[in-house]
Number of protein chains: 2
Amino acid sequence: MTSRRHTSYDVAKLAGVSQSAVSRVFSPSGSASPEMRDKILRAAKKLNYKPNAIAQSLSYGRTRIIGMIITHFSNQIYPVPLNAVTGNLMESGESVLLQIAEPGALGDDAVQRLLRYRVDAIVCTSDLSKQAIAHCIAEKVPIVLVNRKSSSPHVDHVVSDNFESSQRVALGLASSGVVKTLFLKGPESNWVAQLRYKGYQKGCREAGMPRPLTADGQFTYEGGYETAMKYSDRIGEIDAIVSANDTMAIGAIDALVYEMGLSIPGDVRIVGHNDSPEARLKPYQLTTIRQPMDAMLKKATELALQRIENPDLPSTDIIMASELVLRKSAVW
Amino acid sequence: MTSRRHTSYDVAKLAGVSQSAVSRVFSPSGSASPEMRDKILRAAKKLNYKPNAIAQSLSYGRTRIIGMIITHFSNQIYPVPLNAVTGNLMESGESVLLQIAEPGALGDDAVQRLLRYRVDAIVCTSDLSKQAIAHCIAEKVPIVLVNRKSSSPHVDHVVSDNFESSQRVALGLASSGVVKTLFLKGPESNWVAQLRYKGYQKGCREAGMPRPLTADGQFTYEGGYETAMKYSDRIGEIDAIVSANDTMAIGAIDALVYEMGLSIPGDVRIVGHNDSPEARLKPYQLTTIRQPMDAMLKKATELALQRIENPDLPSTDIIMASELVLRKSAVW
DNA sequence: TGGCAAATTGCATCCGGATGCAAAATTAGG
DNA sequence: CCTAATTTTGCATCCGGATGCAATTTGCCA
């Protein structure tokens, strides 16, 4: 089989018509007579012709590609329901060009690469520099940040109510008699981690609880595990541990229950954030805050698609309500 | 700011040279005098010009994009270390166009979309029809299957030793005195699931164990959980449960330990496959088979890149050794 | 059946860079 | 200092489709 890639010219020649006719038959905006359409479609089928999306992009001025930047956490994939994104986009005929950013770092390189491919928009769950965002704006590429914040007025945001939900955790715990707590923080540089911490502090103040003890668990299992071990002698004074994500909470539980022989929620209550898959497992039954990541990403892609159509829309900030998932590890 | 997208023509005009000069300065193969290079780079910087990758693709005949098709499992992201792929590719200047296929279905649509974008190669962890593969071959797009098998001689494969590793599980269990076992199967249509089942059966035969009982858990937590519950009255006769993936094994453990009050490995031993993140958690400590998914994907992208350079290489089948991870749930 | 509007089709050009070829400029050698 | 070899640079064209415009055909109605 000597087949090379067939083009609209090949189809045109085979069907005995002009290239523009072929183009028109394959374009929703073009029209053609029934016989012509028929002739061309037959020829196209024979050659297994499909329009070259790259060439289309070049003349159409749109690639129908959405750039997506996600962070991966050390040895664990960032639990982004990617299918929420791609599923949503596939219906509108868009594809996803993926970039993965290191957890701490800025996704600036990723942005550059995406811009070079002239993606129609960028959905990003990673930190970006002001400059990177400025580039997107200058090139008029809409950008939607998911659970991140930028000060630029030209950027859409989709976030969950991180501050308020953590605040409510404090109030809830207080209502069940908890007084002394330990808060497991995420990385300083992480906006979400900070909000959850601040929100929890505020909640403690409002509830009349003392300032929580705090420790930095870097969002990792080991961070949670080791923090718990470090507090082993003082654990008696602590009524509850609140963790900025589930991974650290799971680590802490493993230390408390399986190393120190404590029982949960009997000796200590635990609350996490994110409702990750482990949280619902029988040995944990972790009370946690579920952010509707699925819906958030779906919304983010919708916003992106909207803004592609209508670039001058005022920028939108969407805050989606998290849901408290009360399981056995802490109840109120 | 009225900025539109700047092109090589804009840069050329600003620098007072021809467009081809600009192109040459930005192309590794092109050469230019130092002053020209300087003038152009200055102008380019002023306009923040970067070559349009789409336009480059069109004339270069390569997109520098790798298509990737992954499956997602119901409510859980397929645990593909995507960063293994993208990290590897980023170094060679390639990007990833992502498609997500439904678990059962064939990724044929995904292939079509990728072909329309003229990706340089496809890496796929999903099932594909013969026809889809034929299309790739006809269009001379290299395709690498990860943990799947096709009969086509033009396709590269990277798989783990699914059959042999499951076989070894049987021998290992037998050596520790296990006789009667239950095997938790994955979906019929899944090639990996089948191999693990067959391998385990073979191992049983070799070890002189009776044929294992079998149940279909569809690779899901619920599948494992419910199967275990169903066998609750006969669980006394069973020495060990072997599961074709960890998710089902975890489900089974939750049922056995937290519903039926059994102890592991005291009453039943459990073995899983995949070494998923949950497997190492304290309450499970699941003995499992770890396939080097990271290395497999890395190898797959390497193969793809190689074949892009040299399409006539004989096709390669790589089988990577899995590793037995002995934890508490079963020891030998 | 003539005449005009509407639909069909093809031609030419554009999208943004890459590159073969030839003209112009530089360098080297005698 | 002049010619030949070499480098630098620009012109023209190509990659594969989309589309405005004009030419051609078809259809409709009087």
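Convention: sequence-line order gives letters A, B, ...; per-chain numbering from 1. The shown structure was predicted, so the numbers you read here are calculated from the model rather than taken from an experiment.
- Residues A/T7 and A/N52 form no side-chain contact, since every pair of their non-hydrogen atoms from C-beta on lies 4.5 Å or further apart.
- Nearer the 5' end of DNA chain D, as judged by each residue's closest nucleotide, is the contact made by B/P34, out of B/Q19 and B/P34.
- In summary, A/K298 and A/D294 do not engage in a salt bridge, as defined by a charged side-chain N under 4.0 Å from a carboxylate O.
- Judged purely by atom type and a 3.5 angstrom limit, B/S315 uses its side chain to pair as donor or acceptor with the backbone of B/P153.
- You won't find any donor-acceptor pair under 3.5 Å spanning the side chain of B/R62 and the base of C/dG17, going by distance alone.
- Following rounding to the nearest Å, A/I54 (CD1) and C/dC15 (P) show an atom-to-atom distance of 18 Å.
- Atom CD1 of B/I40 is separated from atom C1' of D/dG10 by 12 Å (rounded to the nearest Å).
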In sequence, state the C-alpha distance, the side-chain angles, and the governing distance for A/H154 and A/C136, and then conclude on side chain to side chain contact (heavy atoms under 4.5 Å, CB included). CA-CA 10 Å; A/H154 299 284; A/C136 294; over 6 Å; no
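- Applying the side-chain hydrogen bond (donor to acceptor under 3.5 Å, both in side chains) test to B/Q306 and every residue at least two apart in sequence or in another chain returns nothing.
- In terms of polar N and O atoms assigned as donor or acceptor, the side chain of B/R116 never comes within less than 3.5 Å of the base of D/dG16 in a complementary pairing.
- In this entry the distance linking NZ of B/K39 with P of D/dT8 reads 14 Å, nearest Å.
- Here D/dG10 is the nucleotide among C/dT19, D/dG10, C/dT9 with the atom lying nearest to any side-chain atom of B/A21.
- A close approach under 4.0 Å does not occur between any side-chain nitrogen or oxygen of B/T7 and OP1 or OP2 of C/dG16.
- For A/R118 against C/dG16, a side-chain-to-base donor-acceptor contact under 3.5 Å is absent.
- One can place CG of A/N52 at 18 Å from P of C/dC15, the figure rounded to the nearest angstrom.
- A residue-by-residue look at A/A55 and A/E35 shows that A/E35 has its nearest nucleotide of DNA chain C further toward the 5' end.
- Between the base of D/dG10 and the side chain of B/R24 there is a donor-acceptor pair shorter than 3.5 Å.
- Note on B/Y9: a base of the nucleic acid sits closer than 4.0 angstrom, heavy atoms only.
- As rounded to whole Å, 12 Å separates atom P of C/dT9 from atom CG of A/D38.
- For A/S31, whose side chain is taken as the heavy atoms from C-beta onward, the closest listed nucleotide among C/dG17, C/dT8, C/dT19 is C/dT8.
- At a threshold of 4.0 angstrom between heavy atoms, the contacts of B/S57 with the nucleic acid are absent.
- In this model, the phosphate group of C/dG17 is approached by a side-chain N or O of B/Y49 to a distance below 4.0 Å at OP1 or OP2.
- Going from atom NZ of B/K50 over to atom C1' of C/dG17 covers 16 Å, rounded to whole Å.
- Looking at heavy-atom distances under 4.0 Å, A/V22 makes no contact with the nucleic acid at all.
- Contact check, B/Q56 against C/dA18: a side-chain N or O comes under 4.0 Å of OP1 or OP2.
- For C/dC11, its base sits under 3.5 Å from the side chain of A/S20 at one donor and acceptor pair at least.
- Between the CE atom of A/M36 and the C1' atom of D/dT24 there is a distance of 13 Å, rounded to whole Å.
- Spacing between atom CZ of A/R64 and atom C1' of D/dA18 amounts to 14 Å, rounded to whole angstrom units.
- Within a 6.0 Å radius of CD1 in A/I319, other residues, nucleotides and ligands contribute 12 heavy atoms or fewer.
- If you check every strand for non-hydrogen atoms under 4.0 Å, B/S33 touches sugar and phosphate atoms only.
- Within the 4.0 angstrom heavy-atom criterion, base atoms lie near B/S23.
- Taking for each of B/S59 and A/L58 the nucleotide of DNA chain C with the nearest heavy atom, the 5'-most of the two is the partner of A/L58.
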